[in-house]
**Student:** 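Take a look at the following structure, please.
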Amino acid sequence: MTAHLWQSLTAAQREAVEHVDGPLLILAGPGSGKTRVVTHRVAYLLRQGIASRNILALTFTNKAADEMRGRLTQLAPGQQLWIGTFHRFCARLLRQYAPYVGLSENFTIYDTSDSERCLKATLAAAERDLSWTTPERLARAISQCKNQLISADDYRPPTGNPLGAILQEVYPAYQRRLLASNAVDFDDLLLHVARLLRTSDELRALLDERFRYILVDEYQDTNLAQYAIVRALSVDHPNLAVTGDPDQSIYGWRGANLSNILEFERDYPDVRVVRLEQNYRSTGHILHVADVLIRHNARRKPKALFTDNPRGAPVRLTAYDTQQREAEGIAAEIAAEVHPGRRRPRDYAVFYRVNALSRSLEHALRDQGLPYQIVNGVEFYQRREIKDVLSYLRLLNNPRDDVALERIINTPPRGIGRTTLLRLRQQAQAQGGSLRDACGTCQAIAGLSRRAAKAVGQFARLIDRLEQLAAQPVREIIQQVLDLSGYRQYLGHSDAAEDVERLANVEELLTAAEEFDRQHPGEGQLEEFLEQASLVNDTDAWEDERDKVTLMTLHAAKGLEFPVVYIIAVEQGLLPHELSRHENDRLEEERRLLFVGITRAQQSLQLSMAQYRDFRGQHNRTVPSEFLLELPPESLHVVNLQPGTAAQRPETFDQDQSDTNRPAPVRPPRGARRGGRAPAGVTTAAHLLADEPDGGSGTPPQAPPPDQFSEGMAVLHPTYGPGKIVALSGDRERRRATVRFANGSGQRTFVLSQSPLRPAR
DNA sequence: TGTGAGTTGATTTTT
DNA sequence: TCAACTCACA
């Protein structure tokens, strides 16, 4: 082996790299060179004479897979081994074994919006009263079931849960519809494979033998289904190496199960554990802030983060007046470094909790003439025109794809309206066939007007004609679709900026198809193209080559690093997010999210908040994030850019609706109270942020907070559930609200200052 | 059947 | 704020 490859590795890294047989757990802190270790280890395995086809590397995102592939081609050129996401891997297996689960190999992969359409169709057919819940909620519930390996037949609702009762009916019906359409949703990819491995030990053993060495990256993000798959493939050959960091688990909401990594040692008692704790990325101050913050989490594996890097500048904690000031301030700082050439735009990243926060930054950066890129804005493959065109392709590939058919049967408009579609659905149901079948027999459908029947007949002929082309190169198929369906004309007939852009997007799709064709010569590649389109997202298109400021969510930031990082809107309700604030597990996940953001920074980091922020079209006073209280003052530099604020700030706490109101005007948020972990001498974010320029001055009596309740407003009560305010009375501390509750609890009156009632939004 | 205005209602993170 | 959906009308 070439000596220089290993020279740069530390003892701990080398230990992981040179581990060959048996289970291995690599606990890798941020910036600890994990990717290097993993790729070196694969190279090492290959050099030990292990055949590349026996190695399987599973990642969570395409981006991670691409990076690993890229590095491996440098370390071990010319080796063919499987590197990819769980979903890609499962899709590929499923194509091979589709009949075992009732699919044919040309099945369609529904993305989230497709499966929601499918679910809506199911609900419409079931005719249940859904006024009290939404299809989205049901979709999420189904997804959660699948993540936990609960199949439609196994599902038993918890007693007294109204959602469960509906689910018991709808989940199997939805699943039947998917199968009838020869389609799977994202979760099915995993679920089908997991069940396949469980039911057929023969197949399981075959694949276990085939994939003798398995590596799983970001193991902390695996859910139960992924866990089951990996375990099933590591019975006879338990050479399972997982890497991860429990502190960077941020996908709990998607079913990721932190226990998978926390209890790995229990699952594999003879596991070798390697800890990579030295950080090569960040300055001492940045790492210290991250470390102190994450120690507030209870569910974790304690670890000591350290670095030999210089301490650097303290982390800045900046309070702005408004979000505009925040954005302008950040943009001006970047411009001041970039324009004289001290730094490049690509050195900078701005992170936020939700996509909606990017707008003011875009403005500010544009005003400064700074180039920027937004990761995960509107995804390319989610755009209407792209989905339209792809739906044609999907229907060609899988005639039973009803969701695709419904999408295009009248796009562009060809005179097939609601009524006609309804008849077609009835016909399909009666025949027990697909909509595509029904279209073919439209002459025989009762109640269909002559005109409608003609339109449907034309549509059926169009599809027939296109189906002849299915073996052509993908670009050619798309061209024909655009021409024969009239879609190109339909988009091109107006000069509206919107239409021009749509046309441009379609052109881009053609380019992508051309590129695909080049890489996939030969016939019948349509299926592979569609699979890529469903399982590849826009993060993958993020170009770190481009010299631009990067704007992205904290989730998207995982795995990346930047010299200078800004994290904006570190405020209650956003970070931690409103929906995660009240459950401890989810609060810890929010803390991890901030931890991930902080540890992306190499040299310089600023956390910021704005006193006022426009959100969802409303102008709101904000409350500093409780996480700010948990940061170590000795590594912080607090900058207060709010004019004359010390006087008003206590009031901000009155708007904190998280727990029971207290009479005291200044109330330490939860973090400070819990176990007295707040840094000595600092009790509240108000103090923390009032350090300068005018901190400590006398506090005049504050104005009463603006009334947040109004008549007719939807509210939520922890005991009585959702309700509506029917009357308000009294003032200030005595202000009372009468609420009518939805679930038969009748009407009740609450003293607002003493009740946990809050707006339901 | 298609279109446009108007309303409503919902808003986290993604394979 | 903004997209999806409804409803009235051509």
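All values below were derived from every heavy atom in this structure, side-chain atoms included, with hydrogens, water molecules and symmetry-related copies excluded. So you know, we letter chains A, B, ... as the sequences are listed, proteins then strands, and number each from 1.
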**Student:** Looking across every strand, which nucleic acid part, if any, lies under 4.0 Å from R592(A) by heavy atom: base, sugar-phosphate, or nothing?
**Tutor:**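 The answer is nothing, as R592(A) stays clear of every strand by at least 4.0 Å.
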
**Student:** Mind checking salt bridge (Lys or Arg N to Asp or Glu O under 4.0 Å) for E588(A) and listing every partner two or more places apart, or none if nothing turns up?
**Tutor:** none

**Student:** Think S143(A) has a side-chain N or O under 4.0 angstrom from the OP1 or OP2 of dT14(B)?
**Tutor:** no

**Student:** Going by 5.5 Å between centroids and 30° between planes, is there a stack of Y251(A) over dT14(B)?
**Tutor:** no

**Student:** Please produce a list of atom pairs where a protein N or O lies less than 3.5 Å from an N or O of nucleotides 5-10 of chain C.
**Tutor:**
| unit_1 | atom_1 | unit_2 | atom_2 | d |
| --- | --- | --- | --- | --- |
| dC5(C) | OP1 | K120(A) | NZ | 3.4 |

**Student:** State whether a side-chain donor-acceptor pair under 3.5 Å links Y227(A) with N257(A).
**Tutor:** no

**Student:** Considering only dT13(B), dT1(B), dT3(B), which nucleotide approaches the side chain of P413(A) most closely?
**Tutor:** dT3(B)

**Student:** Should R359(A) be listed as having a side-chain N or O under 4.0 Å from OP1 or OP2 of dC2(C)?
**Tutor:** yes

**Student:** Would you say N410(A) reaches dT1(B)'s phosphate, i.e. side-chain N/O to OP1/OP2 under 4.0 Å?
**Tutor:**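 No, no such contact exists.
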
**Student:** Return the minimal non-hydrogen interatomic distance between I109(A) and A91(A), and the atom names on each side.
**Tutor:**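 Here I109(A) and A91(A) meet closest at CD1-CB, 4.2 Å.
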
**Student:** Hey, does T112(A) reach any base, or is it just sugar-phosphate, or nothing, if we go heavy atoms under 4.0 Å?
**Tutor:**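 Contact class for T112(A): base.
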
**Student:** Answer yes or no: does a side-chain N or O of T61(A) lie under 4.0 Å from OP1 or OP2 of dT14(B)?
**Tutor:** no

**Student:** Taking only the side-chain heavy atoms of R140(A) (C-beta and beyond), determine which of dT1(B), dT3(B), dT13(B) contains the nearest atom.
**Tutor:** dT13(B)

